[in-house]
Amino acid sequence: MAEQENLDLFATETPYVVGQVVAIFYQNPTNFYKVLLVRVAETNSTYDDKEIVITGNFGQVQEEETYRFFGKLVDHPKFGVQFTADRYKQEKPTSAAGVVAYLSSDKFPGIGKKTAETIVQLLGENAIDKISENPEVLAEVKGLNAKKREVLVNTIQASDGMEKIIIGLNSYGFGSQLAYNIYQTYQGETLDIIQENPYQLVQDIENIGFKKADAIADQLGFAADSPARLKAAILYSLNELCLSQGNTYTLAEPLLEESLKVLESSRAFIIDPDALAEELLQLIEENQLIEDQHKLYIKSLYAAEWGINTSIKRLLERKKEITYNSHDIPKEIRKLEKRLGISYGASQIQAIEEAIVSPLFILTGGPGTGKTTVLNGIVSLFAELNGLSLDLNDYSDKVFPILLAAPTGRAAKRMNETTGLPSSTIHRLLGLNGRENNNDEQSDRELEGGLLIVDEMSMVDTWLANQLLRAVPEHMQVMFVGDKNQLPSVGPGQVLHDLIDAQLIPNMELNEIYRQGDGSSIISLAHEIKDGQLPNDFTQNKKDRSFINCYAYQIEEVIRQVVAKAKAKGFTPQDIQVLAPMYRGPAGIDALNKMMQEIFNPNDTGRRKEVKFNDRIYRIGDKILQLVNNPELNVFNGDMGEITSITYAKEADDKVDELVIQFDANEVTYKRNEWNKITLAYCCSIHKSQGSEFKMVILPMVQNYGRMLRRDLLYTAITRSSELLILCGEVSAFQESVLKSSATRLTTLKERLLEDNDAPLTIDSSATRSSVEKKTELTAGTRSNETKPAAAPVQAKIEEVSLFETAEEEPSLSYRLTVEMIRTNAVDPMIGMEGITP
DNA sequence: ACTTGTCG
């Protein structure tokens, strides 16, 4: 066969396809991956149809344009024969006429046919390559002003440069998503930056860890003991140590230890601890990492803690109390009760009275203590006292004066539902995109309005609190609402806890329970757990709670029986919520969901409509959990709904499988590619249940859950129940949870707040330190401190290392910091804070 | 060998 011979002959040549892009079938908006339909002009492959589908990572591919794709033919199980391109380039016109047409096309605005002809006359048919290689050649072209020259060069280089970069990134092994993120960050400098220091990626790009960067560095010939490598490992470990535990700082010993582990597990090479410590000093010197009082901080977290301090002080310096002379506040509250048809408890009245006159106020309280009721009362009273309308129609042309916000979409939605007023996530309120945690420019945008209420404040981390507080203008009243016993923020810090602990801000805790009826043993259980113990009657059955003793592998069967009985008594899947701390394992969420689905929504006959996604099956009637926010459709992360219809691809208009899910009042359609935004909800994680309550909660707790056996999780889980609580599992697991106090996070926010320093502070990385300061630093602190015993040999070795070497050539650095000094508190607190300006 | 938030 001639064609076969042909193929063999060119077997070593990379298959290519040249052709015009007819259509872009699909492009992933968040990365470079695209599916193109291409009209084949030329190919060395065996493909002989007129059009071909080409997939791959492409930059700015445009319809109608012609490209040369290199790659291979593949037989896709669903879509048939396709061409997978691993590199491509724009096919440049070669004949003089083609080049003229190309240059005078609207791709080059301002370049007409005449100019194009002049260029080709002067530079010839390969004018485009010439310009790309050396833009100077355009200087010879007469009648071309600077602006047109720029258009030509930029356009030619842009299409050329981008594809080179994408190919370069692919060759380093970055997939489409990462390649896109990297390109977004570095643009045209991408490859230069990577070649110069691949470790930079670890700092700048999310999801690139030390190992990945180290592999590239290895390829590029970076030595295993090169300073760049050691520094990268230190910064990476600092991040890991702080973020994994929610701390805002760590100490030298654990940091160096962790760094060694990271370095030596990535490449088989023994690192000299002295050299590593040396690089740590360098990093401090370069202000890439902050050292203060022995504590080592991620720069942005150090700045954020100071920033919060500054903002809080600024807000506290305003007048201490807001006065409403013409109003009698207790009387107004009574009027409010009448109007809303409710009756506040004594502590609720007190909270409203105090909050309404405080420029800054914190309201805390456990579930069922009526935080929401009080919040509502304050909103109404604020409007009343200030003569404000709460009718949105009155604000068509001005800003609504009361801002309601929360760290999660679901909490924000709840505020909106209970107040009837607009509310949003804090991110939306501030116009943040959720990724500016690091050293991005801080916005100086100010919020507008008279009152800001933030709910679920315990879930606000240090970065976000800083950004939020910065944006509060002078005249705005602020109130934080939260429950410090629930799950802490995902990000580092424990802002609400520290703010309360510092005792600078007026605050009040609600203690009376309004939710459950009298004699509820769930609430007393919650209180005991909060205080770190299980009640004596823990395993006894009460009218509203019970305990079933069993092992992990029996959990599924125990819950099956409990649920079957509950179902027979008329409980619906909406009434019953199984909560578990983790997904995997015999008593994990995944297994329990499958079992629950079999009870509530089986397909015994095998004839029901069902669709599969990953390991899950969905049927009409299934209870569904939403996993991401979708404010446009009023559906938020943590919302639960029910599948009301399934449309198979062959029946659907656009030939993809569809689910319709009913959430409260609205129905939302999910195409198959959005099914990762939902999951089954019969059983969900305790984390996801935060902010919801259920008639009956079934809570398994077994040793298998390991590190998830924590007090805050147990507390959050049991307080989700409004009527019935069924506990099952091992007593020892419950016991362990109760004892494991959610390890208090390491932060210095409270210290900052209590430091007698109310000057607004900013950290200027370009600042240099003065020698005068240096000297005082050294002599300032010689307080003694007890010495900790060294644990591991590695540590012991590091401890001998002198952290700061004397830099003789630079008198301004003429001090010597040793680990011993760090330990004995002989370091001035202000190191790394030079340039702080009032 | 754990879970979790925000945004485009």
Mind calculating the distance between [atom1] ([X]) and [atom2] ([N]) to the nearest angstrom?
X	N	atom1	atom2	result
A:Ile426	B:dT6	CD1	P	11 Å
A:Asn637	B:dC7	CG	C1'	13 Å
A:Leu429	B:dG5	CG	P	20 Å
A:Leu430	B:dC7	CG	C1'	12 Å
A:Tyr583	B:dA1	OH	P	18 Å
A:Leu709	B:dC2	CG	P	12 Å
A:Phe636	B:dG5	CZ	P	14 Å
A:Ile589	B:dC2	CD1	P	13 Å

Task: Qualifying residues under salt bridge (Lys or Arg N to Asp or Glu O under 4.0 Å), relative to A:Glu642, sequence neighbours excluded - done: none
When you get a sec, tell me which of [options] is the closest nucleotide to the side chain of [X]?
X	options	answer
A:Met582	B:dG5, B:dT3, B:dC7	B:dT3
A:His687	B:dC7, B:dT3, B:dC2	B:dT3
A:Thr408	B:dC2, B:dT6, B:dT4	B:dT6

TODO: Would you tell me whether A:Glu693 and A:Ser722 have side-chain atoms, one donor and one acceptor, within less than 3.5 Å of each other?
DONE: no
Open item on the list: Does either side chain, that of A:Thr248 or that of A:Glu305, offer a donor lying less than 3.5 Å from an acceptor on the other one?
Closed with: yes
Open item on the list: Any base atoms under 4.0 Å from A:Gly409, or only sugar-phosphate, or nothing? Heavy atoms, all strands.
Closed with: sugar-phosphate
Task: Earlier contact from the 5' end, DNA chain B, for A:Ser244 and A:Pro631 - done: A:Ser244
Can you tell me if [X] touches the phosphate of [N], counting only side-chain N or O atoms and a distance under 4.0 Å to OP1 or OP2?
X	N	result
A:Ser685	B:dT4	yes
A:Arg428	B:dC7	yes
A:Thr425	B:dC7	yes

Please list every donor-acceptor pair under 3.5 Å in which a side-chain atom of residues 578-592 of chain A meets a protein atom from a residue at least two apart or in another chain.
none

Open item on the list: Counting the benzene-type ring for Trp, do A:Phe58 and A:Tyr33 have ring centres under 6.0 Å apart?
Closed with: no
